[in-house]
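It should be emphasised that the depicted structure is a prediction, and the values quoted were computed from it without experimental measurement. Just follow the structure's listing: the first ligand is 1, and inside any ligand the first atom is 1. As a basis for the values below, the full set of heavy atoms in this structure was taken, side chains included, without hydrogen atoms, waters or symmetry mates.
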Amino acid sequence: MGYTSTWEKTGGIVTLTPWLAPIVWEGTFDPQLIDSIYKQQNITIATTVFALGKYTQFLKNFLESAEQQYFVGFCVRYYIFTDKPEEIPVVKLGNERYLTVIKVPSSNRWQEITLRRMEKLEKLIEGLLANEADYVFSLDVDTKFYGHWGAESLGRLVGVIHPGYYQTSRNQFPYERRPESQAFVPLEEGDYYYGGAVIGGLVRDVLQLAKTCRKQLEADAAKSIEAVWQEESHLNKYFIYNKPSKLLSPEYLWQDFKAKTNEVKVIRFSQVIKNYAAVRPNP
Ligand SMILES: CC(=O)N[C@H]1[C@@H](OP(=O)(O)OP(=O)(O)OC[C@H]2O[C@@H](n3ccc(=O)[nH]c3=O)[C@H](O)[C@@H]2O)O[C@H](CO)[C@H](O)[C@@H]1O
Ligand SMILES: [Mn+2]
């Protein structure tokens, strides 16, 4: 695909940030070409996913669809954090695809489960990932892959534009607005609103992100303050001062209940519809 055709196909869509990071949309890249470039490098992609309490029910669809769409042909190592190892489904994995289950304590607050992901990610990378993988993605489990997700998503530090806010103006972003929180963002700052469901990049860069957010979460906890969107708020703060080198468009994080729009030509990964009251341990 040539340079001109790239621009012709992207009508109406912003494909570069003001700091010249690509925003990945259908039509801006050639999936076969990019995959073939990265395949020569023999890389391993670690993928962490948390399934605590009733969220183990999402694993089967997550893993089965990932095997169809996610880094097909690459070495992928899944790390599943759970308090219920006996509920991990048996899913047939492709060649060079591995799954490790890591037992973690249960929690009766969903907010604690989501924010603890930063600490667990940090420890996992420090413990073993540094030698086992080149890139890492941390993904929500209440999701399903519907389309190709390959090497076009790789970069030093990768965030996803939240599907609910890609057409929203900055002052409407749901950043943490209380100055007491470490996640505080003033009204005149911020570039995009990123979703907490997808974080990626080189192992070293994701480690730095996880460590920083973990410390900020602890500082907040010491003051008995919890950011409005837990670790997602801290992630958004981090990305303002440590800009991602690549952004994924909402094609990489949609929501099943949302109607498809003109801009989004392909839905690759999407939050499934869930009954919050039925799956979460607390309101
Ligand atoms: C689309 C998106 O960006 N989603 C974010 C959003 O809400 P969500 O409604 O997507 O949050 P959620 O309930 O899916 O929780 C996030 C993740 O935590 C895990 N989990 C949660 C509860 C539980 O009982 N068991 C369990 O395992 C699971 O991996 C889940 O995917 O805000 C959260 C902030 O707290 C996270 O930043 C989510 O990533
Ligand atoms: Mn979710």
Side-chain angles (χ1 to χ4, degrees), residues 47-63 65-66 78-85 87-89 101-121 124 137-145 158-166 168 173-176 181 183 192-200 209-210 213-214 216-217 220-221 225-239 244 247-258 264 267-283:
T47 302
T48 63
V49 96
F50 288 72
L52 280 82
K54 295 189 178 137
Y55 279 55
T56 52
Q57 66 186 271
F58 299 115
L59 274 169
K60 190 170 190 291
N61 277 338
F62 172 88
L63 288 168
S65 63
Y78 300 102
Y79 297 87
I80 299 182
F81 292 83
T82 186
D83 56 346
K84 297 200 168 69
E87 287 182 14
I88 306 297
V101 177
I102 300 169
K103 187 156 191 222
V104 291
S106 307
S107 170
N108 51 21
R109 280 192 76 234
W110 66 268
Q111 294 91 338
E112 190 175 290
I113 295 173
T114 71
L115 62 81
R116 270 213 212 125
R117 292 190 290 181
M118 289 296 184
E119 179 205 329
K120 300 287 178 224
L121 185 58
L124 178 73
F137 273 100
S138 160
L139 302 175
D140 263 25
V141 73
D142 55 325
T143 51
K144 220 178 143 175
F145 292 86
V158 181
V160 68
I161 300 177
H162 194 294
Y165 300 95
Y166 70 100
T168 309
F173 290 163
Y175 293 142
E176 173 56 59
S181 168
Y192 300 91
Y193 190 76
Y194 301 92
V198 177
I199 305 170
L209 178 156
C213 291
R214 189 263 302 158
Q216 307 279 58
L217 283 157
D220 273 12
I225 185 162
E226 188 171 88
V228 56
W229 288 106
Q230 295 79 36
E231 86 305 337
E232 184 177 86
S233 304
H234 291 270
L235 173 76
N236 272 280
K237 170 83 175 255
Y238 186 84
F239 277 158
L247 273 65
L248 304 178
S249 71
E251 294 168 6
Y252 293 80
L253 181 61
W254 199 247
Q255 291 165 307
D256 280 359
F257 66 78
K258 261 176 94 80
V264 178
I267 292 168
R268 306 172 192 280
F269 185 60
S270 183
Q271 295 267 312
V272 300
I273 293 167
K274 63 181 187 286
N275 175 349
Y276 281 94
V279 294
R280 282 179 168 174
N282 62 307

- Message: With side chain to side chain contact (heavy atoms under 4.5 Å, CB included) as the criterion, how do His162 and Phe173 come out once you've worked through the C-alpha distance, each side chain's angles and the decisive distance to 0.1 Å?
- Response: CA-CA 10 Å; His162 194 294; Phe173 290 163; over 6 Å; no

- Query: Between the main-chain N or O of Thr143 and the side-chain N or O of Asn61, is there a donor-acceptor pair closer than 3.5 Å?
  - Reply: no

- Partners meeting ring pair (Phe, Tyr, Trp, His ring centres under 6.0 Å) with Tyr238 (sequence neighbours left out): none

- Item | Winner among Thr48, Asp142, Leu115 once heavy atoms are compared against atom 31 (O) of ligand 1 | Asp142

- Item | Closest contact, heavy atoms only, Glu87 versus Gly53 | OE1-O, 4.3 Å

- Derivation of the side chain to side chain contact (heavy atoms under 4.5 Å, CB included) call for Leu115 and Glu226: CA-CA 10 Å; Leu115 62 81; Glu226 188 171 88; 3.8 Å; yes

- Query: In the protein, which heavy atom is nearest to atom 5 (C) of ligand 1, and how far is it?
  - Reply: Glu232 OE2, 3.5 Å

- Query: Any donor and acceptor pair, going by atom type alone, linking the side chain of Ser270 with main-chain N or O of Asp256 inside 3.5 Å?
  - Reply: yes

- Atom indices of ligand 1 within 4.0 angstrom of Trp110 heavy atoms, with elements: 22 (C), 35 (O)

- Query: What's the shortest distance from atom 13 (O) of ligand 1 to any protein heavy atom, and which residue and atom give it?
  - Reply: Tyr55 OH, 2.6 Å

- Looking only at N, O or S atoms, find the one in Asp140 nearest to the Mn ion (ligand 2) and name it. OD2

- Heavy atom of the protein closest to atom 25 (N) of ligand 1 (residue, atom name, distance): Leu52 O, 2.9 Å

- Item | side chain to side chain donor-acceptor pair (under 3.5 Å) partner of Glu232, chosen from Tyr194, Tyr175, Tyr193 | Tyr193

- Task: Check whether any side-chain N or O of Thr82 sits under 3.5 Å from a backbone N or O of Ala51 as a donor-acceptor pair, and report yes or no.
- Result: yes

- Message: Within the 4.0 Å heavy-atom shell around Gly195, which atoms of ligand 1 are there?
- Response: 3 (O)

- Item | Note: Arg117-Asp140 ion pair, threshold 4.0 Å (strictly below) | yes

- Query: Near Pro281, which atoms of ligand 1 are under 4.0 Å from a heavy atom of that residue?
  - Reply: 24 (O)

- Out of Thr114, Leu235, Thr143, the nearest non-hydrogen contact to atom 16 (C) of ligand 1 is supplied by Thr114

- Message: Using a 3.5 Å distance criterion without hydrogens, assess whether the side chain of Lys258 forms a donor-acceptor pair with backbone atoms of Pro163.
- Response: yes

- Query: With a 4.0 Å cut-off on heavy atoms, does Gln255 reach ligand 1?
  - Reply: no

- Query: Going by the order shown, which atoms of ligand 1 are within less than 4.0 Å of some heavy atom of Ala51?
  - Reply: 27 (O)

- Query: Hey, is ligand 1 close enough to Leu139 that some N/O pair sits below 3.5 Å?
  - Reply: no

- Message: At less than 4.0 angstrom from any non-hydrogen atom of Ile113, what atoms of ligand 1 do you find?
- Response: 19 (C), 20 (N), 21 (C), 23 (C), 24 (O), 25 (N), 26 (C), 27 (O)

- Item | Three-point angle Gln271:OE1, the Mn ion (ligand 2), Asp142:OD2, rounded to the nearest 10° | 70°

- Considering only protein heavy atoms, which is closest to atom 35 (O) of ligand 1, and at what distance to one decimal place? Gln230 OE1, 2.7 Å

- Rounded to the nearest 0.5 Å, how far apart are CG of Asp220 and SG of Cys213? 11.0 Å

- Compute the shortest N/O to N/O distance between Gly196 and ligand 1 and return yes if it is under 3.5 Å, no if not. yes

- Min heavy-atom dist Gly53 to ligand 1 below 4.0 Å: no

- Does any non-hydrogen side-chain atom of Val141 lie less than 4.5 Å from one of Phe50? no

- Item | atom 2 (C) of ligand 1: nearest protein contact (heavy atom, Å) | Ala197 CB, 3.6 Å

- Measure from the Mn ion (ligand 2) to each N, O or S atom of Thr143 and report whether any distance is below 2.8 Å. no

- Among all protein heavy atoms, pick the one closest to atom 38 (C) of ligand 1 and tell me residue, atom and distance. Asp140 OD2, 3.6 Å

- Query: Can a non-hydrogen atom of Phe58 be found less than 4.0 Å from any atom of ligand 1?
  - Reply: no

- So which protein heavy atom does atom 37 (O) of ligand 1 come closest to, and at what separation? Glu231 OE2, 2.5 Å

- Could you tell me how the ring of Trp254 sits relative to the ring of Tyr166: parallel (under 30°), tilted (30 to 60°) or perpendicular (over 60°)? tilted

- Message: Looking at Glu119 and Arg214, is there a salt bridge between them, counting it only when a charged N and a carboxylate O are closer than 4.0 Å?
- Response: no

- Query: Can you tell me the protein heavy atom closest to atom 11 (O) of ligand 1 and the distance?
  - Reply: Arg280 NH2, 3.3 Å

- Any idea how Phe62 and Phe269 line up, ring-wise: parallel (<30°), tilted (30 to 60°), or perpendicular (>60°)? perpendicular

- Task: Indicate, as side chain, backbone, both or neither, the part of Gln271 found under 4.0 angstrom from ligand 1 when only non-hydrogen atoms are considered.
- Result: side chain

- Task: Compare Tyr193, Tyr276, Trp229, Phe50 and give the one whose heavy atom is closest to atom 28 (C) of ligand 1.
- Result: Phe50

- Task: Run the contact test for Lys54 against ligand 1 with a 4.0 Å cut-off on heavy atoms, strictly below, and give the result.
- Result: no

